[in-house]
Amino acid sequence: MHRWSPHCALGWLQAELEEAEQEAEEQMEQLLLGEQSLEAFLPAFQRGRALAHLRRTQAEKLQELLRRRERSASRPLRLRTRPSPSRPPPSCPLGPPAGRRQCPGACPPWTPAQCPR
């Protein structure tokens, strides 16, 4: 069984993006050289460019997530002995602050990007 990793997925997306962009370039050259009609070119070119755009967006988003993960991993872990006054304690009847989820254990609140699940 092949193990999946975010870096492997990013490499795959970037390779697929290059391939989709190369195919679009080849289609344009065929059109300009008169080897392909405009009626055949347009749908194929639009599909190829849409796929390239999708791959680029996915690759950029994955890169952003990986950078965020690496930055949070490089920050030193700060242990708290008591909750800060600006944040209600995890046992507050009002619940965790907006935009945060409570870890099912006795952990501090996590932002969605830091959630260990």
Side-chain angles (χ1 to χ4, degrees):
M1 178 177 217
H2 180 57
R3 284 191 56 110
W4 179 87
S5 77
H7 292 285
C8 179
L10 180 60
W12 178 84
L13 281 170
Q14 290 171 334
E16 290 291 315
L17 170 61
E18 266 185 52
E19 184 179 323
E21 287 180 338
Q22 182 62 36
E23 286 176 15
E25 287 291 322
E26 290 170 5
Q27 289 173 343
M28 278 196 300
E29 285 180 27
Q30 289 175 353
L31 176 70
L32 294 174
L33 295 173
E35 298 172 359
Q36 189 176 27
S37 70
L38 185 60
E39 292 78 24
F41 167 78
L42 283 176
F45 183 76
Q46 287 175 333
R47 276 193 307 274
R49 293 306 300 156
L51 181 62
H53 177 71
L54 177 66
R55 297 283 190 245
R56 178 178 290 108
T57 303
Q58 290 172 332
E60 288 171 357
K61 183 65 177 175
L62 186 53
Q63 279 180 323
E64 178 185 329
L65 291 172
L66 288 172
R67 271 192 298 256
R68 228 185 270 164
R69 177 198 264 181
E70 289 168 2
R71 268 188 271 140
S72 67
S74 66
R75 279 191 239 142
L77 181 63
R78 293 185 344 217
L79 298 176
R80 284 191 180 156
T81 55
R82 59 189 164 153
S84 70
S86 64
R87 184 184 328 187
S91 60
C92 176
L94 300 176
R100 296 186 180 256
R101 289 190 288 225
Q102 183 67 34
C103 182
C107 303
W110 298 87
T111 60
Q114 297 170 324
C115 186
R117 288 190 246 168

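Everything numeric in this text was worked out from a predicted model, so none of it was measured.
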Practice task
Kindly give the heavy-atom pair with the smallest separation between P6 and L66, and that separation in Å.
Solution key: CB-CD2, 3.4 Å
Fill in the blank from the handout: L31 and Q36 have their tightest heavy-atom pair at CD1-O, 3.5 Å
Fill in the blank from the handout: Value for CG (L62) from CZ (R69), rounded to nearest 0.5 Å, stands at 9.0 Å
Practice task
For E70, check salt bridge (charged side-chain N to carboxylate O under 4.0 Å, His left out) against everything at least two apart and list the hits.
Solution key: none
Problem - Atom pair CD/CD of Q27 and Q22 - distance to nearest 0.5 Å - result: 11.0 Å
Problem - Flag if over 12 foreign heavy atoms under 6.0 Å of CD, Q63 - result: yes
Exercise for the section: Mind checking the CG-CD spacing from L51 to E19? Nearest 0.5 Å is all I need. Expected result: 9.0 Å
Handout entry: Sub-4.5 Å side-chain heavy-atom contact between F45 and M28
Key = yes
Completion exercise
Shortest non-hydrogen pair, L17 vs A52, comes out as CD1-O, 3.2 Å
Practice task
Go through the structure and list residues passing side-chain hydrogen bond (donor to acceptor under 3.5 Å, both in side chains) with E35, not counting sequence neighbours.
Solution key: none
Exercise for the section: Any chance you could measure W12, atom CH2, to R55, atom CZ, to the nearest 0.5 Å? Expected result: 4.0 Å
Practice task
Drop me the distance from E16's CD to Q58's CD, to the nearest 0.5 angstrom.
Solution key: 10.0 Å
Exercise for the section: State, to 0.1 Å, how close A20 and G48 come at their nearest heavy-atom pair, and which atoms those are. Expected result: CB-O, 4.2 Å
Practice task
Rounded to the nearest 0.5 Å, what's the gap from CG on L13 to CD on E18? Could you check?
Solution key: 12.0 Å
